[in-house]
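Each remark here refers to the structure printed beneath this line.
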Amino acid sequence: MQRFSGKVALVTAGAQGIGEAVARRIAAEGGSVVITDLQQSKIEALAAELNGFAVPLDVTDREQVDAAVAATISRFGQLDVLVNNAGGCIVNSVPEDTTDEDWHRQLDLTLVGAARCIQASLPHLVKSRGNVVTISSVNGIAAFGNIEYATAKAGQIAMTQNFAARYGGLGVRFNVVAPGTIRTPNWDNQPDTLERFKALYPLGRVGESEDVAAAVAFLASPDAAWITGHTLPVEGGVLTGPGLLDLTPSGPFRKDYPTD
Ligand SMILES: NC(=O)c1ccc[n+]([C@@H]2O[C@H](COP(=O)([O-])OP(=O)(O)OC[C@H]3O[C@@H](n4cnc5c(N)ncnc54)[C@H](O)[C@@H]3O)[C@@H](O)[C@H]2O)c1
């Protein structure tokens, strides 16, 4: 499939994990990728490999966001797809102790960061009749913990619906992908946690970055030309209910798949 032939996509936080997989997938389908991140050496290496364009970018800095979009336009003359991927769980306090500063930092990275990128990209997306895919999380849909992060992720969904309603008439689409647990460098220090989380997932495994990239590519492509304002969970079924539980005293996590 070459669904992105002649198209230009800007991916935030593209140095590793989900962002890297998205950049690889769009490039594999013929797109030109603008890979942005704080980690300059990693994005330069990836851009060299994918024949893309590396732009260092901190999404919490409006001037840098505006400059990254401007650099994209001077390099390629167009912008067709924005993938808002930057935004992780950066506040780990007990919710009762969360400070105003914690709230501001979490919302600034995950929610306002995505809003900044949309604002800077919009005039160009109107010209190209392009689209935005924002990476939220199952945490933005149901209660899986991390209250500040979850709130920011839910905000991305509401923001997407409102942009979709407002700019649909100008031909710009906005959608969300909401991943469950995905094996990325984010979890490198917690391999045991990833192993235990498998039991929560009806499909019996955690996700891979490529699972998310496939959904992003679908929503960003002409295959989703009449889909806007929606959230596509990519979550191994966890939102349908937990995987089979071990109801013995050693539970609740199951140890094996059912054999009969
Ligand atoms: N991994 C998961 O289990 C999971 C699940 C649901 C949603 N998500 C979401 O997917 C997205 C990517 O997650 P991941 O696990 O692939 O990430 P990761 O933790 O592997 O990488 C995060 C990247 O973000 C970059 N980054 C950090 N702050 C930044 C900033 N201010 N500006 C620009 N870039 C910045 C880092 O340099 C790094 O390359 C995030 O929005 C995350 O919330 C991840």
Side-chain angles (χ1 to χ4, degrees), residues 10-25 34-47 54-65 67-69 82-92 104-117 120 132-142 144-146 148-157 159-160 176-191 193-198 200-201 205-213 215-216 231-236 238-239:
L10 188 156
V11 182
T12 66
Q16 63 185 45
I18 292 169
E20 175 185 353
V22 167
R24 288 186 182 281
R25 176 72 189 240
V34 181
I35 307 162
T36 71
D37 199 289
L38 300 176
Q39 303 186 73
Q40 187 164 355
S41 54
K42 276 197 185 178
I43 56 174
E44 280 171 359
L46 186 60
V55 182
L57 171 61
D58 178 345
V59 298
T60 67
D61 182 324
R62 187 173 285 272
E63 279 181 19
Q64 287 188 35
V65 170
V69 172
L82 166 66
V83 181
N84 268 325
N85 172 63
C89 183
I90 56 172
V91 172
N92 289 307
H104 287 307
R105 278 195 315 120
Q106 183 62 74
L107 292 169
D108 192 38
L109 170 64
T110 304
L111 179 55
V112 186
R116 281 185 197 101
C117 294
V132 177
V133 180
T134 296
I135 312 301
S136 175
S137 168
V138 291
N139 293 58
I141 298 175
F144 289 101
N146 297 113
E148 306 81 6
Y149 172 72
T151 304
K153 289 298 189 184
Q156 290 180 327
I157 293 172
M159 179 173 74
T160 295
V176 167
V177 170
T181 309
I182 306 297
R183 185 192 315 277
T184 69
N186 178 58
W187 294 98
D188 276 356
N189 298 331
Q190 305 173 66
T193 308
L194 274 191
E195 191 55 32
R196 282 191 304 121
F197 277 10
K198 277 161 65 173
L200 290 172
Y201 287 87
R205 66 172 176 89
V206 299
E208 303 295 335
S209 294
E210 291 73 19
D211 294 318
V212 182
V216 172
T231 296
L232 176 56
V234 178
E235 37 67 283
V238 74
L239 290 170

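In each ligand, atom 1 is the first atom listed, and ligand 1 is the first ligand listed.
- Heavy-atom proximity to Asn85, at under 4.0 Å, picks out these atoms of ligand 1: 10 (O), 11 (C), 12 (C), 40 (C), 41 (O).
- Residue, atom and distance of the protein heavy atom nearest to atom 8 (N) of ligand 1 are Tyr149 OH, 3.7 Å.
- Remark: ligand 1 and Thr181 share no N or O pair separated by less than 3.5 Å (distance only, no angle test).
- Contact record, Ser136 with Lys153: OG-O, 2.9 Å, taken as the closest heavy-atom pair.
- Salt-bridge formation is not detected for the pair Asp188/Arg183: no Lys NZ or Arg NE/NH1/NH2 atom is positioned less than 4.0 Å from an Asp or Glu carboxylate oxygen.
- Considering only non-hydrogen protein atoms, atom 44 (C) of ligand 1 sits nearest to Ile18 CD1, 3.8 Å.
- Backbone and side-chain nitrogen or oxygen atoms of Ile182 are examined, and one is located within less than 3.5 angstrom of a nitrogen or oxygen of ligand 1.
- Residue Gly87 has at least one nitrogen or oxygen atom sitting less than 3.5 Å from a nitrogen or oxygen atom of ligand 1, judged on distance alone.
- Of the charged side-chain nitrogens involved, none lies within less than 4.0 Å of a carboxylate oxygen, so that Asp58 and Arg116 do not count as a salt-bridged pair.
- The closest protein non-hydrogen atom to atom 17 (O) of ligand 1 is Thr184 OG1, 4.3 Å.
- Thr36 has its side chain within reach of Leu10: a pair of non-hydrogen atoms, C-beta onward, lies under 4.5 Å apart.
- Contact of the Pro179 side chain with the Val138 side chain is not registered, since no non-hydrogen atoms from C-beta on lie closer than 4.5 Å.
- Using a 4.0 Å heavy-atom cutoff, Thr12 is absent from the residues neighbouring ligand 1.
- For the atom pair CG (Asp37) and CD (Glu20), the distance works out to 10.0 Å, reported to the nearest 0.5 Å.
- Contacts between Arg183 and ligand 1, counted as non-hydrogen atom pairs separated by less than 4.0 Å, are absent for every part of the residue.
- Closest approach of Glu210 and Ala21 over heavy atoms only: N-CB, 4.1 Å.
- Atom numbering of ligand 1 starts at 1 in the shown order; those under 4.0 Å from a heavy atom of Ala15 are 39 (O).
- Nearest non-hydrogen protein atom to atom 20 (O) of ligand 1 is Gln16 NE2, 2.9 Å.
- With contacts defined as side-chain heavy-atom distances shorter than 4.5 Å, the pair Val91/Arg105 qualifies.
- Two residues are said to be in side-chain contact when any heavy atoms from C-beta on lie closer than 4.5 Å; Phe144 and Tyr149 fail this criterion.
- Of the options Val206, Asp58, Val65, the smallest heavy-atom separation from atom 30 (C) of ligand 1 is shown by Asp58.
- Annotation: atom 35 (C) of ligand 1 to nearest protein heavy atom, Leu38 CG, 3.7 Å.
- Atom 4 (C) of ligand 1 has its closest protein heavy atom at Gly180 O, 4.1 Å.
- When non-hydrogen atoms are compared, ligand 1 lies under 4.0 Å from neither the backbone nor the side chain of Cys89.
- Between Asp211 and Val234, the shortest heavy-atom distance links the atoms O-CG1, 3.7 Å.
- Inter-residue side-chain proximity for Asn85 and Ile18 is flagged as met; some heavy-atom pair is nearer than 4.5 Å.
- Geometrically, ligand 1 and Ser137 share no nitrogen or oxygen pair separated by less than 3.5 Å.
- Using a 4.5 Å heavy-atom threshold, the side chains of Leu232 and Val176 count as separate.
- Near Gly88, with a cut-off below 4.0 Å to any heavy atom, the atoms of ligand 1 are 43 (O).
- In terms of protein heavy-atom proximity, atom 39 (O) of ligand 1 is nearest to Asp37 OD2, 2.7 Å.
- The closest side-chain heavy-atom distance from Thr160 to Thr231 is not below 4.5 Å.
- Rounding to the nearest 0.5 Å places OG1 of Thr134 at 10.0 Å from CD1 of Ile157.
- When the heavy-atom distances from atom 32 (N) of ligand 1 to Val59, Val138, Ile90 are ranked, the shortest goes to Val59.
- Numbered from 1 in the order shown, with element, the atoms of ligand 1 that lie under 4.0 Å from a heavy atom of Gly17 read 16 (O).
- Look at Gly207 and you'll find every heavy atom at least 4.0 Å from all atoms of ligand 1.
- No N or O atom of Ala13 sits closer than 3.5 Å to an N or O atom of ligand 1.
- Closest approach of Gln156 and Leu111 over heavy atoms only: N-CD1, 3.6 Å.
- Heavy-atom contacts of Ile135 reach the following atoms of ligand 1: 9 (C), 10 (O), 41 (O) (cutoff under 4.0 Å).
- For Thr60, no nitrogen or oxygen atom sits less than 3.5 Å from a nitrogen or oxygen atom of ligand 1, counting backbone and side chain alike.
- Looking only at protein heavy atoms, the nearest one to atom 6 (C) of ligand 1 is Pro179 O, 3.4 Å.
- Residue contacts with ligand 1, taken as heavy atom pairs separated by less than 4.0 Å, involve Leu109 solely via side-chain atoms from C-beta onward.
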